Amino acid sequence: MPKSNERQEKEKTEDQNRRFLLVQSLRELLREEEPASITFAKVCARAKIPRASAYHFFPNMGALYLGLRMVHSQMVSLRLAKVDTSDFKTWQDYVHFLAREAAAVVREDKALMRVVYGVRNEETMHVGKVLDSSITKLALSQVEARFLLPDFPDLNRKVGIAVSLIDSVFRYSFREQGEITEEMVNEAARAAIAYLRFYFPEYLLYRQ
């Protein structure tokens, strides 16, 4: 006999809650421990969900890290989307803003910093590429909303390279010091600006 719609919806909600609980448990553990010491069993114990049930939602640690990496991706995109472009006097100001906001998300939660810069696997690397792409599109649209940009081919790609430079400096900072320092946030912005100066004039006209 087929399940009623009400029962199906209840089971769907319960499954979503279990997924959230497992990802949140991983996030809590990462605030306390390095990724190398965290096991699937530890996450299940923290979530109070049997391993046999947890495997139904996340078949391995890579999938769990992917779930948390996607949380980070959503947080960055939502944070950047709230910006008022009229606040920026120059495009260089926007690049500094972009670096500060991207850093702020992970600096406010050690778990996110560790999953972004301390875990390297195919799943999380793919999400990182998708996030860089979405940030690039968002950044370009926000700069275009404020300034008249030069017309040249591959503009989106140039901005994407600048976004990758910021992320690379953050990764260097985490590898060297275990955190993203204020100095490195500024260095990341400077690196991106130095690259974009090959393509952007020093001053851009405001869009009317």
Side-chain angles (χ1 to χ4, degrees), residues 19-40 42-43 46-47 54 57-83 94-140 142 156-157 159-193 195:
R19 286 192 184 93
F20 172 81
L21 188 55
L22 285 163
V23 171
Q24 187 60 27
S25 296
L26 173 61
R27 190 173 180 178
E28 291 170 2
L29 285 167
L30 280 168
R31 290 170 182 157
E32 303 164 6
E33 305 177 34
E34 294 291 340
S37 68
I38 297 175
T39 63
F40 199 88
K42 278 188 177 182
V43 177
R46 175 67 67 100
F57 306 111
F58 298 101
N60 50 48
M61 283 299 297
L64 263 171
Y65 280 125
L66 176 60
L68 185 53
R69 190 70 167 85
M70 291 177 70
V71 170
H72 164 255
S73 177
Q74 292 165 358
M75 290 176 67
V76 173
S77 296
L78 287 172
R79 187 161 183 147
L80 292 176
K82 295 177 181 178
V83 64
Y94 180 85
V95 175
H96 277 283
F97 157 81
L98 185 67
R100 285 195 306 271
E101 291 300 290
V105 174
V106 292
R107 291 170 86 186
E108 289 168 5
D109 190 337
K110 197 166 190 176
L112 295 181
M113 187 175 296
R114 281 174 167 163
V115 78
V116 173
Y117 297 112
V119 175
R120 299 289 285 174
N121 57 42
E122 289 186 12
E123 292 95 337
T124 58
M125 287 172 66
H126 176 70
V127 172
K129 290 177 182 177
V130 171
L131 176 59
D132 281 355
S133 177
S134 65
I135 290 176
T136 297
K137 291 176 183 176
L138 181 57
L140 188 54
Q142 289 177 332
N156 188 76
R157 188 165 182 266
V159 175
I161 292 172
V163 169
S164 295
L165 285 170
I166 290 172
D167 188 65
S168 295
V169 174
F170 289 171
R171 190 172 299 282
Y172 178 89
S173 180
F174 180 79
R175 187 171 64 243
E176 183 183 59
Q177 302 184 57
E179 61 178 329
I180 299 172
T181 64
E182 193 62 30
E183 176 194 8
M184 285 302 190
V185 173
N186 290 326
E187 287 297 306
R190 291 189 191 107
I193 289 169
Y195 171 75

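We're numbering straight along the sequence, starting at 1. This structure is a prediction, so every number in the text was calculated from the model and none was measured.
When side chains are defined from C-beta on, Arg27 counts as touching Asp109, because their heavy atoms get closer than 4.5 Å. Counting heavy atoms from C-beta outward, His96 and Ile193 have side chains that approach closer than 4.5 Å.
The CD1 atom of Ile166 sits 12.5 Å away from atom OH of Tyr195, with the distance rounded to the nearest 0.5 Å. Rounding to the nearest 0.5 Å gives a distance of 6.5 Å between CG of Leu80 and CD of Gln142. For the atom pair CG (Leu29) and CZ (Arg114), the distance works out to 10.5 Å, reported to the nearest 0.5 Å. One distance of note links CD of Glu179 with CZ of Arg107; it measures 7.5 Å at 0.5 Å rounding. Note that the OG atom of Ser134 and the NZ atom of Lys129 stand 14.5 Å from one another [nearest 0.5 Å]. With rounding to the nearest 0.5 angstrom, the CG atom of Leu26 is 10.5 Å from the CZ atom of Arg46.
The aromatic rings of Phe170 and Tyr117 lie perpendicular to each other, with more than 60° between the two planes, well past the 30° mark.
Residues Leu165 and Ala191 share a closest heavy-atom pair of CD1-O, 3.9 Å. Scanning both residues, Asp132 and Val163, for their nearest heavy atoms gives OD1-CG1, 3.9 Å. Here the shortest heavy-atom pairing between Arg79 and Glu101 reads NE-OE1, 2.8 Å. When all heavy atoms of Val43 and Ser25 are compared, the closest pair comes out as O-CB, 3.8 Å. Here the closest non-hydrogen pair linking Lys42 and Glu33 is NZ-OE1, 2.9 Å. When all heavy atoms are compared, the tightest approach of Leu131 to Ser73 is CD1-OG, 3.4 Å.
The number of heavy atoms from other shown groups lying within 6.0 Å of CZ (Phe57) is above 12.
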Between Val116 and Arg69, is a side-chain contact (heavy atoms from CB on, under 4.5 Å) present by the stated rule, with each step listed?
CA-CA 7 Å; Val116 173; Arg69 190 70 167 85; 3.9 Å; yes
Glu187 vs Arg190, test: salt bridge (Lys or Arg N to Asp or Glu O under 4.0 Å). Steps then yes/no.
CA-CA 5 Å; Glu187 287 297 306; Arg190 291 189 191 107; 2.6 Å; yes
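Using a distance-only test at 3.5 Å, with no hydrogens or angles considered, no donor-acceptor pair links the side chain of Ser173 to the main chain of Val169.
Among Leu66, Ile38, Thr39, Val119, the one residue that satisfies the side-chain contact (heavy atoms from CB on, under 4.5 Å) test with Met61 is Ile38.
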